[in-house]
Amino acid sequence: MKLLLDTSVLVAGMVEAHPEHERALVWLERVRNTDNGFISAHSLAEVYAVLTRLPVQPKIHPEIVVNLLQRNIFPYFTIVELTQEDYFNAIQNLAKARLVGGIVYDALIMQTAIKAGVEQLITLNAKDFRRLYPNSEIAIVEP
């Protein structure tokens, strides 16, 4: 199965102290073992930003984040980049739905899912994705 994991699942799956770790880890393991995993190139930057600012003790240093990405993401996931047209389509869909603000980042992840032709988008934030694309053929799954 072709799966796209969003930033929320990637972060939770890599951080044992995260309250959603167990639920998210299942999906990382599926990609490691059986399914085809995809992530948005945007998510790489977002994962770095979140992990380096996550309120856990001890803090996760930037070098450790790079190591986490090298061990958990790069060997198992296809990283999908968006084109200018992809960005425009995502923003156009937001404008049509009259959605504003930070949901733009979820729109970019959904645009990536569409581009990659995945069957399921795995997220801990299903509500926003369903607001973006209420009739999507991509199943939006919350672990």
Side-chain angles (χ1 to χ4, degrees), residues 1-56 60-143:
M1 181 169 294
K2 293 175 76 173
L3 309 172
L4 186 134
L5 277 60
D6 89 332
T7 305
S8 66
V9 176
L10 295 168
V11 168
M14 289 190 286
V15 178
E16 288 183 33
H18 194 285
E20 304 298 337
H21 175 70
E22 293 299 322
R23 288 175 45 200
L25 183 60
V26 170
W27 293 95
L28 284 173
E29 289 175 350
R30 281 185 58 170
V31 170
R32 287 179 187 136
N33 297 311
T34 58
D35 295 316
N36 294 317
F38 296 82
I39 67 167
S40 167
H42 164 81
S43 289
L44 286 175
E46 197 171 24
V47 166
Y48 179 86
V50 171
L51 288 178
T52 55
R53 300 296 292 170
L54 203 62
V56 294
I60 304 173
H61 294 282
E63 297 83 13
I64 293 172
V65 174
V66 169
N67 186 275
L68 287 170
L69 293 172
Q70 288 176 323
R71 286 188 293 125
N72 295 289
I73 304 300
F74 293 117
Y76 305 105
F77 289 85
T78 299
I79 299 166
V80 181
E81 297 178 13
L82 297 178
T83 64
Q84 284 179 290
E85 183 179 346
D86 295 324
Y87 275 91
F88 182 75
N89 288 338
I91 292 168
Q92 191 172 40
N93 286 330
L94 286 166
K96 284 180 186 174
R98 297 181 184 219
L99 297 170
V100 298
I103 198 167
V104 68
Y105 303 110
D106 292 334
L108 296 177
I109 291 171
M110 185 57 139
Q111 189 68 40
T112 303
I114 293 165
K115 181 175 185 170
V118 302
E119 297 159 85
Q120 296 181 347
L121 186 152
I122 315 304
T123 179
L124 295 171
N125 185 24
K127 181 181 170 185
D128 280 345
F129 286 97
R130 289 190 182 113
R131 282 192 319 150
L132 280 166
Y133 291 90
N135 302 314
S136 175
E137 292 181 14
I138 297 171
I140 299 167
V141 177
E142 198 159 359

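Counting from 1, the numbers follow the sequence of the chain as shown.
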Next item on the list: Could you pull out all residues at least two apart from Arg131 that satisfy salt bridge (Lys or Arg N to Asp or Glu O under 4.0 Å)?
Entry: Asp128
Output the distance between atom [atom1] ([X]) and atom [atom2] ([Y]), rounded to the nearest 0.5 Å.
| X | Y | atom1 | atom2 | result |
| --- | --- | --- | --- | --- |
| Leu69 | Ile39 | CG | CD1 | 7.5 Å |
| Met14 | Asn67 | CE | CG | 11.0 Å |
| Leu94 | Asp106 | CG | CG | 9.5 Å |
| Phe88 | Leu82 | CZ | CG | 14.5 Å |
| Leu10 | Ile73 | CG | CD1 | 4.5 Å |

Checklist line | Audit row: Ile109, Phe129, side-chain contact (heavy atoms from CB on, under 4.5 Å) steps and yes/no | finding: CA-CA 9 Å; Ile109 291 171; Phe129 286 97; 4.0 Å; yes
Note to self: Between Phe74 and Ile79, is there a side-chain heavy-atom distance shorter than 4.5 Å?
What the structure shows: yes
Check: Is there a side-chain contact between Leu3 and Val31 (heavy atoms, below 4.5 Å)?
Finding: yes
Minimum heavy-atom separation for [X] and [Y], please, with both atom names.
| X | Y | value |
| --- | --- | --- |
| Val100 | Ile103 | O-CG2, 3.7 Å |
| Ala90 | Leu108 | CB-CD2, 4.0 Å |
| Ala24 | Ala12 | CB-CB, 3.6 Å |

Which donor-acceptor pairs under 3.5 Å do side chains of residues 113-120 form with protein atoms, sequence neighbours excluded?
from, atom 1, to, atom 2, distance (Å)
Lys115, NZ, Glu81, O, 2.7
Lys115, NZ, Asp86, OD2, 3.0
Glu119, OE2, Lys2, N, 2.8

Which pairs would a plain distance check flag for residues 132-143, meaning a side-chain donor or acceptor within less than 3.5 Å of a matching protein atom at least two apart in sequence or in another chain?
from, atom 1, to, atom 2, distance (Å)
Tyr133, OH, Asn93, ND2, 2.6
Ser136, OG, Ile138, N, 2.9
Ser136, OG, Ile138, O, 3.3

Item checked: Under the side-chain hydrogen bond (donor to acceptor under 3.5 Å, both in side chains) test, residues paired with Glu20 that sit two or more places apart -> Arg23
Next item on the list: Check side-chain hydrogen bond (donor to acceptor under 3.5 Å, both in side chains) between Asp6 and all other residues, then give those that pass, not counting sequence neighbours.
Entry: Ser8, Thr123
Check: Any salt bridge (charged side-chain N to carboxylate O under 4.0 Å, His left out) pairs touching residues 65-74, not counting sequence neighbours?
Finding: none
Check: Taking only residues at least two apart or on different chains, which pairs with a member in residues 29-52 satisfy salt bridge (charged side-chain N to carboxylate O under 4.0 Å, His left out)?
Finding: Arg30-Asp35
Margin query: By the ring pair (Phe, Tyr, Trp, His ring centres under 6.0 Å) test, which pairs, at least two apart or in different chains, include something from residues 2-46?
Written below: His42-Tyr105
Next item on the list: Just jot down the side chain to side chain contact (heavy atoms under 4.5 Å, CB included) partners of Tyr48, sequence neighbours excluded, or say none.
Entry: Thr52, Pro62, Val65
Item checked: Residues in side chain to side chain contact (heavy atoms under 4.5 Å, CB included) contact with Glu85, at least two apart in sequence or another chain -> Thr83, Asn89
